[in-house]
Amino acid sequence: MKVYNTMTRAKEELVTLTPGEVRMYVCGVTPYDYSHIGHARSAIVFDVIRRYLEYRGYRVTMVRNYTDVDDKIIRRANEEGVSTAEVSDRYIEAERRDMEALGVLPPSVAPRATEHIAEMVGLIERLVAKSVAYVVDGDVYFEIRRFPPYGRLSGKNLDELLAGARVEVDERKRDPRDFALWKAAKPGEPSWPSPWGPGRPGWHIECSVMSIRYLGESFDIHGGGTDLIFPHHECEIAQAEADTGKPFAHYWLHNGMLNLGAAKMSKSLGNTLTIRALVKRHPPDALRLWMLGTHYRHPIEWSEERADEAARALQTLWGPEERLRKWVDSSTFASSAGELPTEFAEHRTRFIEAMDDDFNTPAALGSLFDFGHALNRASSVSPQHLVRGARELSSLAHTLGLTEPKPRIQGLSAEIGQQIEVLIRERATARMNRDWKRADEIRSRIESLGVVLTDSSSGTEWEMKQK
RNA sequence: GGCGGCGUAGCCAAGUGGCCAAGGCGGAGGUCUGCAAAACCUCUAUUCAGCGGUUCGAAUCCGCUCGCCGCCUCCA
């Protein structure tokens, strides 16, 4: 299979360091507030990548970190008059709930920066010893000129970087482009002891340390949003490779940004959309289907309407198995194992080809919708083959993390559910007496509760109305 | 200024040299049904921002023009 590598700006054949095994690291959040829809995209993109690699038979070790020491956390803690740990604990907990609500699998390891301070100090010490880093007033900086490949990932020309003039001028730095590895403690900030005095780590060092700690000095995939390419990932590479002398991550994968209307989401503009608010209004599968309808590297714009459309489209994916469960006896269901019938094999093949091509989820979904329609149309196929096909479709949808048929009675109390059952029985009587007027009255009463009735030869089904 | 990306049907979105330009939503008609819904069938881009070029052949390659966006500073 092929993946697009930001480092080479090309699709490359995926060759892992250990055959059959993928070791990947994805940059997680800084827990100083509730996670927003942009975090959701990154999480879902790499969740799908991880699930698909596993589907293809790889054993995947996935690490996603928490940056739990940072300016924004400190500011938040000071505003609230609580400890930084209290702030980060709260939002890490919230993030875990959000991820669960979105159907994002927990990473194999979810380390926190503050649990690895000693290792960071160790790495910085080695960099200082090698003279690629220097100490100034209790701060430690990485000296960019000592690491010639700096700028390769982001395609930056170092001179132009300097000419950009947006680099903060700090007279104490040897070069304005040098970045902090360690920051001397200021009053009111959390700090840890170090050979250079009390302080805290710079942002980039944690990812170098934790990825190496859990995945080794060289590993397969490093991911994150495109906004992290520079400077964050550039700096990670510099720190890690200056220390180990070995290639750090082999493949750099970056998801495109999610925009809210014209403007990029930004706290200062107040146009953030939190995951917790989002999942109250949209089924997680609808959100995921909507996101996967655009290739992960392309930017995507949030739209309430697009998410509603996705919820409607979900039916084609879950419908075939759901319907067959009703019409086919359970022994047929049980006996439907084995090879995928040839009449459906092309859909799976198309799915795999699409996903093998840099995780082309829009094309993969196309094959799934075709699969669904083919199942609905296949009247001359044996029940065993139909069931086998329908279960294959569900299973492929599952490898994209689309996990659940839509809820039937979500948001309805048991009493209302019973009321509806009573009304349906009344209506059945009316229909038997061919009292269509009465039957339609009852239907519209039930519909005003947000429930849709479906008549068929075997009785009346009901479900929550789609948006 | 530097680096990168985008412009495909009413909307969303794949496709990056050659079968009729995927798929979703929406829309139109039809089958089925007491009605409705679901499901199914058919239709909905002679054309890929514009112009020029390369080629037997281009949405796909090259050049120019127009429009839009991201990064270069904390950010998924």
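All chains are named by letter (A, B, ...) in the order of the sequence lines, taking the proteins before the strands, and each is independently numbered beginning at 1. If you're wondering where the values come from, they're calculated on a predicted model, not measured in any experiment.
- For B/G70 and B/G30, the C1' atoms lie 47 Å apart once the distance is rounded to whole Å.
- Going from atom CG of A/Leu292 over to atom C1' of B/G23 covers 13 Å, rounded to whole Å.
- Taking atom P on both B/G23 and B/C56, the two are 33 Å apart, rounded to the nearest angstrom.
- Residue contacts shown for A/Asp370 are limited to sugar-phosphate atoms, with no base heavy atom under 4.0 Å away.
- Taking atom CH2 of residue A/Trp302 and atom C1' of nucleotide B/A13, one finds them 17 Å apart after rounding to whole Å.
- Nucleotide B/U54: unpaired (no Watson-Crick or G-U wobble partner with both distances less than 3.5 Å).
- The backbone N or O of A/Arg23 lies less than 3.5 Å from a partner atom in the side chain of A/Asp220, making a donor-acceptor pair.
- When the C1' atom is compared between B/A14 and B/G7, the two are found 15 Å apart, to the nearest whole Å.
- Distance CZ (A/Phe230) to P (B/G5): 18 Å, rounded to an integer number of Å.
- Of the N and O atoms on the side chains of A/Glu301 and A/Asn259, not one donor lies less than 3.5 Å from an acceptor on the other residue.
- Here B/U42 sits opposite B/A28 as a Watson-Crick or G-U wobble pair (both hydrogen-bonding atom distances under 3.5 Å).
- In terms of phosphate contacts, A/Asn376 brings a side-chain nitrogen or oxygen within less than 4.0 Å of OP1 or OP2 of B/C40.
- The listed nucleotides are B/C25, B/A39, B/C74; the one nearest the side chain of A/Arg323 is B/A39.
- Partner of A/Asp175 under the salt bridge (charged side-chain N to carboxylate O under 4.0 Å, His left out) criterion, out of A/Arg172, A/Arg177, A/Lys173: A/Arg177 alone.
- In terms of phosphate contacts, A/His298 brings a side-chain nitrogen or oxygen within less than 4.0 Å of OP1 or OP2 of B/A14.
- Pair assignment for B/A59: none, as no Watson-Crick or G-U wobble contacts are both less than 3.5 Å.
- B/G7: Watson-Crick or G-U partner is B/C66, with both key distances under 3.5 Å.
- The main-chain N or O of A/Tyr141 is never found under 3.5 Å from a side-chain atom of A/Asp178 such that the two would form a donor-acceptor pair.
- B/U47 and B/C40: their P atoms are spaced 31 Å apart (whole Å).
- Atom P of B/C20 sits at a distance of 13 Å from the matching atom of B/A59, rounded to the whole Å.
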With a 3.5 Å cut-off and sequence neighbours excluded, list the donor-acceptor pairs that the side chains of residues 98-105 of chain A form with protein atoms.
none

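- In this structure, the CZ atom of A/Arg312 is 8 Å from the C1' atom of B/G26, given to the nearest Å.
- As rounded to whole Å, 14 Å separates atom P of B/C74 from atom NE2 of A/His233.
- Remark: the separation of the P atoms in B/C3 and B/G24 is 41 Å, to the nearest Å.
- Of the candidate nucleotides B/A39, B/G23, B/A22, B/A22 has the atom nearest to the side chain of A/Pro362.
- Both the sub-6.0 Å distance and the 45° axial angle are satisfied by A/Arg276 relative to the ring of A/Tyr34.
- The side chain of A/Asn360 contributes an N or O atom lying less than 4.0 Å from OP1 or OP2 of B/G15.
- Pair assignment for B/A14: none, as no Watson-Crick or G-U wobble contacts are both less than 3.5 Å.
- The distance from atom CE of A/Met355 to atom P of B/G15 is 13 Å, rounded to the nearest whole Å.
- Mapping A/Cys27 and A/Leu365 onto RNA chain B by nearest heavy atom places A/Leu365 at the nucleotide closer to the 5' end.
- Not a single donor-acceptor pair under 3.5 Å links the side chain of A/Ser42 to the backbone N or O of A/Gly38.
- In this structure, A/Gly28 reaches the sugar-phosphate backbone alone: every heavy-atom distance under 4.0 Å involves primed, P, OP1 or OP2 atoms, never a base.
- With C1' as the reference atom, B/G50 and B/C66 are 7 Å apart, rounded to whole Å.
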Each nucleotide N or O in nucleotides 28-34 of chain B that has a protein N or O under 3.5 Å away: list the pair and distance.
| from | atom 1 | to | atom 2 | distance (Å) |
| --- | --- | --- | --- | --- |
| B/G34 | O6 | A/Arg427 | NH2 | 3.2 |
| B/G34 | O6 | A/Arg431 | NE | 3.4 |
| B/G34 | N1 | A/Asp440 | OD1 | 3.0 |
| B/G34 | N2 | A/Asp440 | OD1 | 3.2 |
| B/G34 | N2 | A/Asp440 | OD2 | 2.6 |

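- When the side-chain nitrogen and oxygen atoms of A/His295 are compared with OP1 and OP2 of B/A13, none of them lie within a distance under 4.0 Å.
- Rounding to whole angstrom units, CZ of residue A/Arg9 and C1' of B/C71 are separated by 11 Å.
- As rounded to whole Å, 12 Å separates atom P of B/U16 from atom CD of A/Glu353.
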Solution key, residues 359-367 of chain A side-chain donor-acceptor pairs under 3.5 Å, sequence neighbours excluded:
| from | atom 1 | to | atom 2 | distance (Å) |
| --- | --- | --- | --- | --- |
| A/Asn360 | OD1 | A/Ala363 | N | 3.2 |
| A/Thr361 | OG1 | A/Leu292 | O | 2.8 |
| A/Ser367 | OG | A/Ala364 | O | 2.6 |

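- RNA chain B is contacted by both A/Glu309 and A/Lys72; A/Glu309 maps to the nucleotide lying nearer its 5′ end (nearest heavy atom per residue).
- Atom P of B/G4 sits at a distance of 13 Å from the matching atom of B/C62, rounded to the whole Å.
- For the pair A/Lys11 and A/Tyr4, the cation-pi criterion (under 6.0 Å, within 45° of the ring axis) is not fulfilled.
- At a threshold of 4.0 Å, the pair A/Asp89-A/Arg112 counts as salt-bridged, since one of the basic side-chain nitrogens sits closer than that to a carboxylate oxygen.
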